[in-house]
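A quick note: this is a predicted structure, and the numbers were derived from the prediction, not measured. For this chain, numbers begin at 1 and follow the sequence in order.
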Amino acid sequence: MTSHLSTSILTKVDGSSQLTVGGTKVVVSVTGPIEPKLRHELPTQSSFEIIIRPAVGVSSTREKLMEDKLLSLLQNVIARFQNPRQLIQIVIQFLITEPIPNHYTNSQLSAAANACYYALIDANVPLLCSFAAVPIAIYKNEIIANPAPQVITESESNHVVCYGIHDAKADSLLLVESQGSFTSEQLFKVLDIAQKECESVHQEQRTYLQEKVSQDFIWKQ
């Protein structure tokens, strides 16, 4: 599946990214650490909030569900103890989404998670580990990574799996979101395939970030 990435596209935030994967295009901005409102302040760690805006219309319970999923993911990878009493705000704006009813998790959740990674890196937010997400579908008893929209629509089940990555190895499972009917054996196979796919995505992340650092930090005599 083709993808396109750019970072530092917004000027009035601390970090941003734009990621296009297949038919999904999303922009993520990160602001912080900043001084929070009193109700958000935590004495021993930073607080953070996620705001998701759909490509069409206004936010609904669907976006609130995605916010909760990403919140549970990011709170396990952001080194929140380094910025106590501060707030990190993440805004996710979908620009284009694939017309797949009731299957937002497969195309949008994984794209948003990966875009968040690049935006957090761009904002210099400290992370405990790298992470990568991948969508997977079970179609006619075949497990397909990065499925096309038609495959998602006709699949028996679809999944989004996110792994934490240490030393280029996907060794900690951070998120599994599934829809449809599947067996436990199929789920274990999905996790195995997702682990390899996340390591592949991480290699792309490393390559892009190495190029970005070489372009952003040019030392001259």
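In this model, a donor atom of one side chain and an acceptor atom of the other lie less than 3.5 Å apart for Ser130 and Tyr117. His202 and Gln205 are linked by a side-chain donor-acceptor pair at a separation below 3.5 angstrom, with hydrogens and angles left out of the test.
Between the side chain of Gln210 and the main chain of Thr207, no donor-acceptor pair closer than 3.5 Å is present. A donor-acceptor contact shorter than 3.5 Å links the side chain of Asp14 to the backbone of Gly32. The closest donor-acceptor contact from the side chain of Gln93 to the backbone of Pro54 lies under 3.5 Å. Remark: side-chain polar atoms of Ser47 are not paired, donor with acceptor, to backbone N or O of Leu87 under 3.5 angstrom.
By the 4.5 Å heavy-atom criterion applied to side chains, Phe94 and Ile52 are counted as neighbours. Side-chain contact check for Leu74 versus Ile90: some heavy-atom pair is nearer than 4.5 Å. In this structure, the side chains of Leu71 and Phe48 come closer than 4.5 Å at one or more pairs of heavy atoms. Side-chain contact between Tyr118 and Leu120: absent, with no pair of heavy atoms (C-beta onward) separated by less than 4.5 Å.
The hydrophobic clustering, which links ILVMFWY residues whose side-chain heavy atoms are closer than 4.5 Å, places Leu10 and Ile92 apart. Hydrophobic clustering, with ILVMFWY side chains joined whenever heavy atoms are under 4.5 angstrom apart, groups Leu5 together with Phe131. Residues Ile121 and Leu19 are members of one and the same hydrophobic cluster, defined by side-chain heavy-atom contacts under 4.5 angstrom among Ile, Leu, Val, Met, Phe, Trp and Tyr.
Considering only residues two or more places apart in sequence or on other chains, Asn114 meets the side chain to side chain donor-acceptor pair (under 3.5 Å) condition with none of them. Under the rule for a side chain to side chain donor-acceptor pair (under 3.5 Å), the partners of Glu41 that lie at least two apart in sequence or sit in another chain are Arg85. Residues satisfying the side chain to side chain donor-acceptor pair (under 3.5 Å) criterion with Gln195, sequence neighbours excluded, are absent altogether. Every side chain to side chain donor-acceptor pair (under 3.5 Å) that Ser157 has, sequence neighbours left out, goes to His159.
For residues 49-60, the side chain to side chain donor-acceptor pair (under 3.5 Å) pairs, not counting sequence neighbours, are Glu49-Gln89, Ser60-Glu63.
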If you look only at distance, which donor and acceptor atoms sit under 3.5 Å apart when one is on a side chain in residues 122-129 and the other is two or more places apart or in another chain?
{"residue": "Asp122", "atom": "OD1", "partner": "Ser8", "partner atom": "OG", "Å": "2.7"}
{"residue": "Asp122", "atom": "OD1", "partner": "Lys212", "partner atom": "NZ", "Å": "3.2"}
{"residue": "Asp122", "atom": "OD2", "partner": "Ser8", "partner atom": "N", "Å": "3.4"}
{"residue": "Asp122", "atom": "OD2", "partner": "Ser8", "partner atom": "OG", "Å": "3.1"}
{"residue": "Asp122", "atom": "OD2", "partner": "Ser16", "partner atom": "N", "Å": "3.0"}

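The structure places CD of Glu204 at 11.5 Å from CG of Leu209, a figure rounded to the nearest 0.5 Å.
For CD of Glu156, the number of neighbouring non-hydrogen atoms (other residues, nucleotides, ligands) closer than 6.0 Å is greater than 12.
Shown here for Ile88 and Pro33, the closest heavy-atom pair between the two residues is CG1-CA, 4.4 Å.
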